[in-house]
Amino acid sequence: MSVHHNSLGDCQMSFTSVSGHLFNYDFYEDKRKWWSCEPKQLFTAPILQTCSDQNKYIKNTLEREAKRCSVLIIWTDCDREGENIGFEVITVCRAANPRMNIFRAHFSEITIPSITRAFNALIQPNKKVSDAVDVRQKLDLRLGAAFTRFLTLELQKLVPNLKDMYKLVSYGSCQFPTLGFVVDRFKARENFVPQKFWSIDVHYTKDNMNACFNWKRVRVFCEQSCLAVMSKVMDSPEAVVTHINTKRRTKWRPQPMDTVTFERSVSSKLKINAKRAMTVAEKLYTSGFISYPRTETNKFPPELNLVSYCQMQTASPIWGQFAQRVLTNGPNPRNGTKSDQAHPPIHPTKYAPNLNGEEKRIYELIVRHFLATLDKDAVGYETAIEISINEELFALNGLRVEEKNYLEIYTYDKWTDKDIPQFNQNERFIPDSILMTDGQTTAPELLTEAQLIALMEKHGIGTDATHAEHIEKVKDRKYIVETPDRRLKPEGLGIGLVDGYEEIGYQMSKPHLRAALEKDLKAICDGIKNPEEVLNYQIKEYEKVFNESLRHKNKLFEVVVRKI
DNA sequence: GCAAGGTC
């Protein structure tokens, strides 16, 4: 937004917009061809900012408007990338009109109170935050280009028909850790050694119900000790009820939906991939049916008019009555604690009765989730019975769901009654049977997409907008595949790359490197570290890895080639 | 033919 006046009182304003970053870093022309230089040179080769043809129109608009205005107010998202985009706008406008006064609006959602508040409390743009993004951009470009060219070209030398199988072998600071998570789980599964265990179950039929009491020690890994307990129990097999305890239990309704929750829910509950989920969400957003789908916020801002969004849903023949009930009792959101200071949680913004297919299912999930967050937790009563047989303890748990509440709308969650017979304190009985059982521990399953996204978020790999893309990329590179039961399995090339780097002593596929960078970026934002120093340090560290890859390239690629 | 981050 630019203001055509010296003060912010009585003035004319003009609004214009950008669409993501205006500029992108790239190497100069002489280094863009893959064979133009040694990949190693890309660590130090000069780089420049380029503006795509599409973005040139936006740039022209900014320049034109800047010339007519005396004040510039930046209203980009109030997150790290948003601050950087703000500075791209500032650079363009200042070049067109050096006398401009520049301000930054700080707002966390687009509601009238929030916008008004931001306008009345304009601040200065934060260069430090923007600098941190510059460091990330430059580093990602240099590392990505250098390692990707190196890996691809070297491997092509060794495997002449590589091109038929893999169009390129890439490295990226997010791709590799994403791959690493998948490989880690695969290896945990491969290397898993099952362990035998033993347990004891007590069966007793009462009130026409077969009750199975579980051993309080759950299980032991030694057959002899289980046999010892078994013989003690059989010596005097009368059970006495030692405790009866009934407790109120609640099952919590979901928290407002952020992007990661959205992707994970769609992936696990609707069996639709995260990438596809985001594409559909994008479409629902641009059609006006849902709010902005890329958000890290899981609490509703007080200014958001939940009542009106709820009201819209009362038109539905399926969940209209539920929406009405939410309105009567609340709405009563179960807020989380995360906020990206840029967007509210994902919520429906319009009733959409005419959707079909995946759009319909995804919209329905968003609405059901939204209404569920505004309702009440489910309430149940858990009865725990404890019995003692010759001093050995066994337990039986029953559940009675008293109020389903949010579960009525959030049909993806299940919480069902478990009926058990009535018992009295000190009641004695002879069990129908006391059985020693055995089993063995089972290997962890391969990762699901939902689990992988959770890991990425936990370790700071990628952003809300990019998790799904990174997963898609490592699939596209043939580092991993999706199994028929929707689990992620590494392929030979993926395992080879991870092992190859470990072989020469670098954990390129572990999340620590990216996490360390994130920490440095935070330090730049907080003014503790200098951006140039961080950049130089990071480049040097990766250059070391690169040089070692060169020095040990035989060893590195020997491992890779063996696996493909 | 490279990255990751915006966004459509």
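Hydrogens, waters and symmetry mates are skipped; everything else that's a heavy atom, side chains included, is used. First the proteins, then the strands, lettered A, B, ... as listed; each starts at 1.
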Determine: side-chain N/O of [X] to OP1/OP2 of [N], distance under 4.0 Å, yes or no.
{"X": "A/S170", "N": "B/dA3", "answer": "yes"}
{"X": "A/R142", "N": "B/dA4", "answer": "no"}
{"X": "A/T466", "N": "B/dG5", "answer": "yes"}
{"X": "A/H470", "N": "B/dG5", "answer": "yes"}
{"X": "A/R294", "N": "B/dT7", "answer": "yes"}
{"X": "A/Q137", "N": "B/dA3", "answer": "no"}
{"X": "A/K167", "N": "B/dC2", "answer": "no"}
{"X": "A/R514", "N": "B/dG5", "answer": "yes"}

Heavy-atom pair with the smallest gap, counting every atom of A/A515 and A/H459
CB-O, 4.4 Å

Which residue is it: A/P113, A/S114, A/P301? I am looking for the one with a side chain to side chain contact (heavy atoms under 4.5 Å, CB included) to A/F107.
A/S114

Side chain of [X] only, please: which of [options] is the nearest?
{"X": "A/T152", "options": "B/dC2, B/dG1, B/dC8", "result": "B/dG1"}
{"X": "A/Q175", "options": "B/dA4, B/dC2, B/dC8", "result": "B/dA4"}
{"X": "A/D26", "options": "B/dC2, B/dA4, B/dG1", "result": "B/dC2"}
{"X": "A/T148", "options": "B/dA3, B/dG6, B/dC8", "result": "B/dA3"}

Atom pair NZ (A/K458) and CD1 (A/I453), whose distance is rounded to the nearest 0.5 Å:
15.5 Å

Would a distance-only check, ignoring hydrogens and angles, find a side-chain to backbone donor-acceptor pair under 3.5 Å from [X] to [Y]?
{"X": "A/D340", "Y": "A/T295", "result": "no"}
{"X": "A/S130", "Y": "A/N126", "result": "no"}
{"X": "A/S316", "Y": "A/Q313", "result": "no"}

Under 4.0 angstrom, heavy atoms only, what part of the nucleic acid is A/Y292 near: base, sugar-phosphate, or nothing?
sugar-phosphate

Would you classify A/G82 as touching base, sugar-phosphate or nothing, given that sugar-phosphate means primed atoms plus P, OP1 and OP2, and contacts are heavy atoms under 4.0 Å?
nothing

Residues of residues 345-352 of chain A with any non-hydrogen atom less than 4.0 angstrom from an atom of DNA chain B: list those, numerically ordered, please.
none

